Amino acid sequence: MKRVIFCLFLISGLYGSAQMDCILGVGGPDGDTMVQVFQLNEEQQEKLKSWSAELKVRNDILREKAEYLMKKNEDSTPEVLLEVSKQYRAIQDSMFQNVRMMDKRLLTIFNDKQYQRYLGFCNELALRPIHVNRSVDEK
């Protein structure tokens with residue numbers, strides 16, 4: 001029972017913070033859709049593919065840490081579970097920051113039309129867009 005409550009607590013925290021930023025989801029299942037919607041050129045597609053692979057590696061490591069943390073503390077006391085929840089939350093935050101970092105990388109290589117389309121989608125969804133310095137070109 002306490003494990004179910006613990007999991008619900010973690011899930012609610014994840015959804016509470018994830019709804020604020022307008023993320024593209026680099027590395028997610030919608031890569032092809034992203035290519036079509038934003039009409040990414042070949043160079044942008046290659047970078048998207050590379051960053052998606054990098055994100056997978058980064059988050060797989062964090063996911064393994066989270067799984068180990070949960071497995072190690074399956075039958076812990078409520079006090080220990082509270083501390084574990086803080087550690088788990090830190091791992092989730094790191095994973096979300098990885099996603100945001102990769103999205104920001106992609107946004108920096110968007111042309112003005114692509115970036116305006118992104119801003120339009122964010123406004124329609126009432127989400128906060130990720131602002132990038134348009135004068136910096138990350139390679």
Side-chain angles (χ1 to χ4, degrees):
M1 177 66 176
K2 64 183 174 183
R3 187 163 193 223
V4 172
I5 293 171
F6 176 69
C7 288
L8 289 175
F9 173 76
L10 293 176
I11 291 170
S12 68
L14 175 65
Y15 287 114
S17 67
Q19 292 178 347
M20 294 181 70
D21 283 336
C22 185
I23 60 170
L24 293 168
V26 169
D30 298 324
D32 291 337
T33 303
M34 202 178 313
V35 168
Q36 293 172 347
V37 168
F38 293 105
Q39 299 174 347
L40 301 181
N41 62 37
E42 286 294 320
E43 182 181 349
Q44 290 172 322
Q45 289 179 43
E46 285 300 314
K47 288 184 177 185
L48 173 64
K49 186 177 179 181
S50 172
W51 292 331
S52 295
E54 180 183 342
L55 179 65
K56 181 179 179 347
V57 169
R58 286 173 176 263
N59 281 352
D60 281 351
I61 292 167
L62 291 169
R63 194 170 294 108
E64 288 174 10
K65 281 184 178 180
E67 288 172 5
Y68 174 75
L69 185 65
M70 294 297 290
K71 190 173 190 172
K72 180 178 144 188
N73 294 286
E74 279 181 343
D75 298 319
S76 298
T77 65
E79 294 80 19
V80 171
L81 287 176
L82 184 58
E83 185 58 37
V84 169
S85 73
K86 292 175 186 175
Q87 294 170 9
Y88 192 87
R89 177 63 183 199
I91 293 170
Q92 285 182 321
D93 289 346
S94 294
M95 292 173 82
F96 182 73
Q97 287 304 316
N98 285 341
V99 170
R100 193 173 189 286
M101 176 182 61
M102 295 304 168
D103 283 359
K104 194 169 186 172
R105 283 184 185 176
L106 182 62
L107 290 169
T108 61
I109 64 169
F110 272 10
N111 61 37
D112 287 335
K113 184 178 178 181
Q114 292 167 326
Y115 191 71
Q116 290 303 316
R117 181 172 287 158
Y118 164 75
L119 293 176
F121 288 140
C122 295
N123 288 335
E124 284 181 34
L125 297 170
L127 297 173
R128 183 178 59 213
I130 300 169
H131 291 283
V132 294
N133 184 351
R134 306 291 293 144
S135 64
V136 176
D137 184 25
E138 180 179 315
K139 298 224 176 197

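Quick caveat, the model's predicted, so the values are computed rather than measured.
- Atom OG1 of Thr33 sits about 6.0 Å away from atom CD of Gln36, to the nearest 0.5 Å.
- The distance from the CG atom of Asp21 to the NZ atom of Lys104 is 10.5 Å, given to the nearest 0.5 Å.
- Under a 4.0 Å N-O distance rule, the pair Arg58/Glu54 qualifies as a salt bridge.
- Minimum interatomic distance between Leu106 and Leu24 (heavy atoms only, all atoms of both residues): CD2-CD1, 3.8 Å.
- Asn98 contributes atom CG, which lies 14.5 Å from atom CH2 of Trp51 (distance to the nearest 0.5 angstrom).
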If you apply the rule side-chain contact (heavy atoms from CB on, under 4.5 Å), what do you find for Arg63 with Asp60, and how did you get there?
CA-CA 5 Å; Arg63 194 170 294 108; Asp60 281 351; 2.7 Å; yes

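- Within the model, atoms CD of Glu46 and CG of Asn41 stand 10.5 Å from one another, a figure rounded to the nearest 0.5 Å.
- Residues Leu81 and Asn73 share a closest heavy-atom pair of CD2-O, 3.6 Å.
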Tell me, with the steps shown, if Leu48 and Met34 meet side-chain contact (heavy atoms from CB on, under 4.5 Å).
CA-CA 9 Å; Leu48 173 64; Met34 202 178 313; 4.2 Å; yes

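- Within the 4.5 Å cutoff, no side-chain heavy atoms of Thr108 are placed close to those of Asn133.
- The line from CE of Met95 to CG of Asn59 is 4.0 Å long, rounded to the nearest 0.5 Å.
- Ring planes of Phe110 and Tyr118: perpendicular class, angle over 60° (limits at 30 and 60°).
- Across all their heavy atoms, Leu55 and Val26 have their closest contact at CD2-O, 2.8 Å.
- In terms of modelled atom types and a separation under 3.5 Å, the side chain of Arg128 and the main chain of Cys22 share no donor-acceptor contact.
- Ile61 and Met70 end up in different hydrophobic clusters when Ile, Leu, Val, Met, Phe, Trp and Tyr side chains are linked at under 4.5 Å.
- Taking the charged nitrogens against the carboxylate oxygens, Asp103 and Arg100 have no contact shorter than 4.0 Å, which rules out a salt bridge.
- Phe121 has its side chain within reach of Phe38: a pair of non-hydrogen atoms, C-beta onward, lies under 4.5 Å apart.
- Atom-to-atom distance recorded for Leu82:CG and Glu79:CD is 8.5 Å, nearest 0.5 angstrom.
- Contact detail for Pro129 and Leu119: the closest heavy-atom pair is CB-CD2, 3.6 Å.
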In sequence, state the C-alpha distance, the side-chain angles, and the governing distance for Val80 and Glu83, and then conclude on side-chain contact (heavy atoms from CB on, under 4.5 Å).
CA-CA 5 Å; Val80 171; Glu83 185 58 37; 5.6 Å; no

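- Although no hydrogens or angles enter the test, the distance criterion places a donor-acceptor pair under 3.5 Å between the side chain of Gln44 and the main chain of Ile109.
- The pair Lys47-Glu43 meets the salt-bridge criterion, since a charged nitrogen lies less than 4.0 angstrom from a carboxylate oxygen.
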Steps toward side-chain contact (heavy atoms from CB on, under 4.5 Å) verdict (Asp93, Arg89)
CA-CA 6 Å; Asp93 289 346; Arg89 177 63 183 199; 3.2 Å; yes

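- With contacts defined as side-chain heavy-atom distances shorter than 4.5 Å, the pair Lys113/Arg117 qualifies.
- Side chain of Gln114 to main chain of Asn111: a donor-acceptor pair is present (N/O by atom type, distance under 3.5 Å, no hydrogens or angles).
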